[in-house]
Q: 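Below you will find the structure I want to go over with you.
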Amino acid sequence: MADNATDACDVKSMDDIMALCKRRGFIYQASEIYGGVNGFWDYGPLGSQLKKNLRDAWWNDVVMLGCGGKPGPDGKPVRIVPVDTCIIQNPKVWEASGHVGGFNDPMVDCRETKSRYRADHLKCLGEKGDTEGQIYAYIENDDASYASARKKLDRYKKRALSDAEIDTCALTELGNAELAITVGPDAKEVGTLTPPRAFNLMFKTVLGATGDAEIDKAYLRPETAQGIFINFKNVVDTTRVGVPFGIAQTGKAFRNEVTPRNFTFRSREFEQMEIEFFCHPDEAKAWYEFWRDWRMAWWESMGLKGENLILREHDRDELAHYAKEGAGTSDIEYRFPFTAPGYGELEGIADRTNFDLKQHQEHSKKKMEYHDTTRGELLPNGQPKGEWYLPHVIEPSAGLDRGVLAVLCEAFTPDPERPSGVVMKLHPRLSPIKAGVFPLVKKDGMPEVAEKLRAELHQRFGRLGAIEFDEKQSIGKRYARMDEAGCPFCFTIDGDTMTDQTVTVRDRDTLSQERMGLDKVGDFLAEKLGV
RNA sequence: GCGGGUGUAGCUCAGUGGUAGAGCGUCACGUUGCCAACGUGAAUGUCGCCGGUUCAAGUCCGGUCACCCGCUCCA
């Protein structure tokens, strides 16, 4: 598959993938019967099981096995504990995290140049005392922008005005009538600037049935991370964990994206799989590199391989405000059909330093420092004195819905040779349908034997995914359906089964058909599913 | 948020102001002996939604919603 990855990518059409997702019940548009709602998607029977399987794989590998059992940079097992925190928290959480203050800025759009400006970054100038003539907006502390505005004013007045004749004010002080005679910083026409509009990406809600919209204002969380940070002390105090350790959480988060687009890639409601890994500041770099590399390997183990998956280290000037002082930030990115030849982010691994714990310590007035009893100078009795510090945090934060989408895109394989025309080569561990059990024809006792096998496999593997039983229509049609659903193996009961107790195993990816004993099917499937 | 495009059956799409269509899929019955076989039959639509023009609107006009593409945004 790796050899023709580029070719396959070229052939893949997002429209075809979306059509298959709808047709086979992976993903539907939310509220479809009411015309849909922008930025929201529902998962169908196959999609929800696929999503659960990917989440379970993450949960199992990260939390239960602690990075799949791989020792950390300290040579010890990686310790991760889970939490499940609320979508709605005290609004002060989002003030501390910076989500309320920093991202509540009114913005101004220019209809002519399509530029967007922060309203509080724009100033205006005009001739002193002139209330009729044009006003020129410019970007504060930008000499070129200011000079441009002055030049436009001079040209409008047909003379060079002195500094003393100029009046300036903030754009936010202008009324609508004045905006109508204002020229944007990079515009030629007047009145192309929109009134300042707030672009807070957080969903607001109101607490209490009779709640006052202002006083009882609350937010749906824009990320799951803060729920972990605010419970850091609780977990340390009530669980026998010690730094270094991680706290994991999966759950929904909500962002009022300006432009939801690209199928489920940028949704307004989405699910995250996040780890906040707490470590000593001196060890942050080693843990950062450990997590970055292990997370990359994990996505590869989910079937995302070759040129479509890359690890990209952020440039210094690209780093988020909280990561400036840290060891760095990396994105694990997948080349989606709609981003190709570029890539879209699946997971970010960031060294957030102690930014979040420090913020919550300041805002909540609660001590967030950790007492590390394994550090500090040795006391006369031979015990370490201990050291108080704010742990640094390495955050591998993955998008579950984006992961599902990447897995679907990777699996989607056009194949004109097949009757279905397409096969979903999902990793067996992720496949929503684990196996198909088919009687070759609906007679001669075959359905009965097939049903017995289905019941046996269902008992053993039903917790992982569906076991499909189908006795209708031709065997080829049933195989084709399984190709589109991404079912990796089909077991077919035929005439020979009745005499020698063997079945045909049909492999989705190779189309090979081999015979095996009826009693070997369970173990065969267990091995393929890695259970 | 701006500009362009699209919206008709589950999917892909035809449809010239005058009776709502095709292929595939789905379902039933028969047949069928390993890759969407075949036969017969069936179901599936307020033509995205709202309004307007008209004797008559899927078709023309306006608005709106959703999706796609390009900007913009994306802590």
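Letters go in sequence order (proteins before strands), and every chain restarts at 1.
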Q: How far does the C1' atom of B/G1 sit from the matching atom of B/C73, given to the nearest Å?
A: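 Approximately 9 Å lies between the C1' atom of B/G1 and that of B/C73.
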Q: Should A/Asn38 be listed as having a side-chain N or O under 4.0 Å from OP1 or OP2 of B/C67?
A: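 Looking at the OP1 and OP2 atoms of B/C67, one of them is under 4.0 Å from a side-chain N or O of A/Asn38.
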Q: Please report the distance separating the P of B/U64 from the corresponding atom of B/G4, rounded so that it comes out in whole Å.
A: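 About 14 Å, rounded to a whole number of Å.
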Q: Per the salt bridge (charged side-chain N to carboxylate O under 4.0 Å, His left out) rule, which among A/Arg402, A/Arg55, A/Arg221 passes with A/Glu271?
A: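 Among the candidates, only A/Arg55 passes.
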Q: With a 4.0 Å cut-off on N to O distance, would you call A/Lys22 and A/Glu32 a salt bridge?
A: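 The answer is yes: the pair qualifies as a salt bridge.
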Q: A/Lys22 has an atom NZ; how far is it from atom C1' of B/A66, in whole Å?
A: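 Taking NZ of A/Lys22 and C1' of B/A66, I get 13 Å after rounding.
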Q: Write down the distance separating the P atoms in B/A66 and B/A57, rounded off to the nearest Å.
A: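 Here B/A66 and B/A57 have their P atoms 28 Å from each other.
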Q: What's the gap between B/G15 and B/U8 when it is taken at their C1' atoms, as a whole Å value?
A: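 My reading of the C1' atoms in B/G15 and B/U8 gives 9 Å.
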Q: For A/Phe263, which contact category applies under a 4.0 Å heavy-atom criterion: base, sugar-phosphate, or nothing?
A: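 Counting heavy atoms under 4.0 Å across all strands, the contact made by A/Phe263 is with sugar-phosphate only.
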Q: Which nucleotides of nucleotides 28-46 of chain B have their base under 4.0 Å from a protein heavy atom (B), which only their sugar-phosphate (S), and which neither (-), written as one string 5' to 3'?
A: S---BBBBBB---------
Q: Whole angstroms only, please: what is the CG-P distance between A/Asn256 and B/U72?
A: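 For the pair A/Asn256 CG and B/U72 P, the rounded distance is 21 Å.
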Q: Would you call the rings of A/Phe203 and A/Phe254 parallel, tilted or perpendicular, taking 30° and 60° as the class edges?
A: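 A/Phe203 vs A/Phe254 ring planes: perpendicular.
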Q: Expressed as a whole number of angstroms, how long is the span from A/Asp331:CG to B/C74:P?
A: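 Roughly 15 Å, once rounded to whole Å.
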Q: Would you please test A/Asp494 and A/Thr497 for side-chain contact (heavy atoms from CB on, under 4.5 Å) and show each step?
A: CA-CA 5 Å; A/Asp494 57 24; A/Thr497 309; 3.2 Å; yes
Q: Without decimals, in angstroms, what is the distance between A/Glu347 CD and B/C74 P?
A: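 For the pair A/Glu347 CD and B/C74 P, the rounded distance is 22 Å.
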Q: Can you measure A/Ile17 atom CD1 to B/C68 atom P for me and round it to whole angstrom units?
A: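 Distance check: A/Ile17 CD1 to B/C68 P gives 13 Å.
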Q: Under 4.0 Å between a Lys/Arg side-chain N and an Asp/Glu carboxylate O for A/Arg292 and A/Glu313?
A: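 Counted as a salt bridge, because a side-chain N and a carboxylate O are separated by less than 4.0 Å.
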Q: Salt bridge or not between A/Glu451 and A/Arg454? Use side-chain N to carboxylate O under 4.0 Å.
A: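 Between A/Arg454 and A/Glu451 there is a salt bridge, with a charged N closer than 4.0 Å to a carboxylate O.
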Q: Can you check whether A/Tyr334 and A/Phe336 have ring centres sitting under 6.0 Å from each other?
A: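 That pair passes the under 6.0 Å test.
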Q: May I have the step-by-step check of side-chain contact (heavy atoms from CB on, under 4.5 Å) for A/Asn38 and A/Arg268, ending in yes or no?
A: CA-CA 8 Å; A/Asn38 198 355; A/Arg268 286 174 164 155; 3.9 Å; yes
Q: Using the C1' atoms only, state how far B/G58 lies from B/G21, rounded to an integer number of Å.
A: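 After rounding to an integer number of Å, I get 12 Å for this pair.
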Q: Base, sugar-phosphate, or nothing: which does A/Gly25 touch, judged by heavy atoms less than 4.0 Å apart?
A: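 Since no nucleic acid heavy atom lies under 4.0 Å of A/Gly25, the category is nothing.
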Q: Taking Watson-Crick and G-U wobble pairs with both distances under 3.5 Å, convert RNA chain B into its dot-bracket string, 5' to 3', dots for unpaired and | for cross-strand pairs.
A: (((((((..((((....[..)))).(((((.......))))).....(((((..]....))))))))))))....
Q: Is A/Asp483 salt-bridged to A/Arg506, going by a charged N under 4.0 Å from an acidic O?
A: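 Salt bridge present between A/Asp483 and A/Arg506.
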Q: Rounded to the nearest angstrom, tell me the gap between atom CD in A/Glu32 and atom C1' in B/C49.
A: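 In whole Å, B/C49 C1' and A/Glu32 CD are 14 Å from each other.
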Q: In whole Å, measure the gap between the P atoms of B/U59 and B/C50 for me.
A: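 Looking at atom P only, B/U59 and B/C50 are 13 Å apart.
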Q: Rounded to the nearest Å, what distance is computed from the CZ atom of residue A/Phe254 to the P atom of nucleotide B/C74?
A: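 Interatomic distance, CZ of A/Phe254 to P of B/C74: 22 Å.
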Q: Between A/Phe229 and A/His360, how do the two ring planes meet: parallel, tilted or perpendicular, split at 30° and 60°?
A: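 Correct class here is tilted.
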Q: Any ion pair linking A/Lys477 and A/Asp470 (charged N to carboxylate O, less than 4.0 Å)?
A: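 Not counted as a salt bridge, because no side-chain N and carboxylate O are separated by less than 4.0 Å.
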Q: If I take atom CD in residue A/Gln29 and atom C1' in nucleotide B/C11, what distance separates them, rounded to the nearest angstrom?
A: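 Rounded to the whole Å, the gap is 15 Å.
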Q: Classify the side chain of A/Arg266 versus the base of B/C73 as yes if they form a donor-acceptor pair under 3.5 Å and no if they do not.
A: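 Under the 3.5 Å cut-off, the side chain and the base do form a donor-acceptor pair.
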Q: For B/G10 and B/G18, measure between their C1' atoms and round to the nearest Å.
A: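 Comparing C1' positions in B/G10 and B/G18 gives a spacing of 30 Å.
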Q: Between A/Glu345 and A/Trp41, which is nearer to the 5' end of RNA chain B once each is assigned its nearest nucleotide?
A: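 Looking at RNA chain B, the more 5' nearest nucleotide goes with A/Trp41.
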Q: If we take the C1' atom in both B/U31 and B/G41, what is their distance in whole Å?
A: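 Here B/U31 and B/G41 have their C1' atoms 15 Å from each other.
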